Amino acid sequence: IYALGGAGELRALDAADGRQIWRTNILQDASASNRQWGMAGSPLIVDGNVVVTPGGSGGRSVIAYDAATGRRAWSALDDRASYSSPMLVRLGGERQILLFTGERLLGLTSDGARVLWEYPWVTSPDVNASQPIVIGGNRVFVSTGYGKGAAVIELTGDGNGFAVREVWRNIRMKNQFTSSVLHEGFIYGLDESILACVDAATGDLKWKGGRYGYGQVMLGGGHLIVLTEGGDMALVRATPERHVELTRFPVFDARTWNHPAIAGGILLVRNLAEMAAFDLRVR
């Protein structure tokens with residue numbers, strides 16, 4: 001298990017007994033200062049390396065550590081860190097690491113050697129927290145809050161890299177620190193604190209409804225699982241026709257900003273004080 005804490009502690013643990021195999025502090029290693037809300041990007045395993053984004057200067061914005069030993073394998077870029085996690089994707093037929101840094105969206109070769117393309121994206125409070133969404137083989141959706149909005153870009157092969165074309169851009173979807181989901185050609189997410197649906201091809205708003213605060217959204221079985229900022233759980237149909245909330249019930253009675261997870265049909269949710277599990281398996 002590879003886990004990264006908010007203060008920059010990266011640890012490799014034995015999944016069987018929790019024994020520590022190796023550790024390092026990525027902020028100290030990169031001579032980087034922590035962000036206001038801490039390190040929030042999850043580690044990414046690529047080609048036997050653990051890729052993290054401490055946001056250091058001097059080519060230490062992104063660092064890859066050998067997964068077995070913890071030794072530094074490579075480092076790259078000078079971008080400020082964001083709160084988004086690196087992703088391994090295939091765009092335009094090329095395998096690459098998709099990064100949403102504090103100043104741009106970009107594609108990096110899996111060995112960290114070269115930037116394949118970039119798309120500038122800066123917010124006034126310097127916060128890029130959502131996960132980009134790959135659409136088809138060569139399009140990417142990106143969104144942030146604070147009035148910035150959302151966009152879909154398209155990549156076209158251009159020599160050793162890619163040319164970037166902006167397909168659409170508007171303020172119909174503003175993911176502050178949540179992430180949207182894609183289902184059957186439509187994007188669902190929290191536009192600031194209100195659930196919304198936009199057409200992935202055009203950016204047109206299909207509907208907006210339901211106040212969930214700054215919560216989190218997951219997709220499961222053609223439905224949206226929404227964990228609200230206030231600690232409620234809601235189930236909403238993933239349909240572009242209209243906002244249909246099927247059920248809603250309280251889980252926690254305090255602010256909840258953590259993203260839920262599903263494993264083996266079990267929905268896991270938590271906040272700073274409590275954790276709960278729900279059995280979603282069909283019996």
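Treat the numbers as computed from the prediction; the structure is a model and nothing was measured.
For the side-chain contact (heavy atoms from CB on, under 4.5 Å) with Ile225, the qualifying choice from Val269, Val181, Ile262 is Ile262, the only one to do so. Among Leu99, Leu98, Ile153, the one residue that satisfies the side-chain contact (heavy atoms from CB on, under 4.5 Å) test with Pro132 is Leu98.
At distances below 3.5 Å, not a single donor-acceptor pair connects side-chain atoms of Lys208 with backbone N or O atoms of Leu205. Judged by distance alone, with hydrogens and angles left aside, the side-chain atoms of Ser143 form a donor-acceptor pair with the main-chain N or O of Gly149 at under 3.5 Å. A donor-acceptor pair under 3.5 Å is formed between the side chain of Asn128 and the backbone N or O of Thr101. Proximity of a side-chain donor or acceptor of Ser85 to a complementary backbone N or O of Ser42 within less than 3.5 Å is detected. A distance-only check finds no donor-acceptor pair linking the side chain of Thr24 to the backbone of Ile26 [under 3.5 Å].
Residues satisfying the side chain to side chain contact (heavy atoms under 4.5 Å, CB included) test with Glu245, not counting sequence neighbours, are Tyr212, Ala234, Val236, His243, Arg248. Residues meeting the salt bridge (charged side-chain N to carboxylate O under 4.0 Å, His left out) test with Glu166, sequence neighbours left out: Arg169. In terms of the side-chain hydrogen bond (donor to acceptor under 3.5 Å, both in side chains) criterion, residue partners of Asp204 (sequence neighbours excluded) are, by chain and number, Thr202. For Val167, the side chain to side chain contact (heavy atoms under 4.5 Å, CB included) partners two or more places apart in sequence, or in a different chain, are Arg139, Val152, Glu154, Arg165. The side-chain hydrogen bond (donor to acceptor under 3.5 Å, both in side chains) check on Tyr65 picks up Asp29, with sequence neighbours excluded. In this structure Ser33 satisfies the side-chain hydrogen bond (donor to acceptor under 3.5 Å, both in side chains) test with no other residue, sequence neighbours excluded. Scanning for side-chain hydrogen bond (donor to acceptor under 3.5 Å, both in side chains) contacts around Thr69 gives Asp66, with sequence neighbours left out.
Evaluation of the ring pair (Phe, Tyr, Trp, His ring centres under 6.0 Å) test over residues 125-147, restricted to residues two or more places apart or in two chains, returns none. Pairs engaging residues 252-274 under the ring pair (Phe, Tyr, Trp, His ring centres under 6.0 Å) rule: Phe177-Trp257 [sequence neighbours left out]. Residue pairs satisfying the salt bridge (Lys or Arg N to Asp or Glu O under 4.0 Å) criterion with at least one member in residues 123-137, sequence neighbours excluded, are listed as follows: Arg35-Asp126, Arg80-Asp126. For residues 109-123, the set of pairs meeting the salt bridge (Lys or Arg N to Asp or Glu O under 4.0 Å) definition, not counting sequence neighbours, comprises Arg104-Glu118.
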May I have the step-by-step check of side chain to side chain donor-acceptor pair (under 3.5 Å) for Trp207 and Glu241, ending in yes or no? CA-CA 8 Å; Trp207 56 256; Glu241 300 302 319; over 6 Å; no
Working for salt bridge (Lys or Arg N to Asp or Glu O under 4.0 Å), residues Arg172 and Asp199: CA-CA 10 Å; Arg172 298 296 191 185; Asp199 189 318; over 6 Å; no
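Ring to ring, Phe100 and Tyr119 are not that close: their centroids are 6.0 angstrom or more apart.
Under 3.5 Å, the side chains of Asn175 and Ser130 contain no donor-acceptor pair of N or O atoms.
Asn25 contributes atom CG, which lies 4.5 Å from atom CD of Glu9 (distance to the nearest 0.5 angstrom).
Other members of the hydrophobic cluster containing Leu268, listed by chain and number, are Ile266, Met275; membership follows side-chain contacts under 4.5 Å among ILVMFWY residues, whether direct or relayed.
Here the side chains of Lys148 and Val127 are not in contact, with every heavy-atom distance at 4.5 Å or above.
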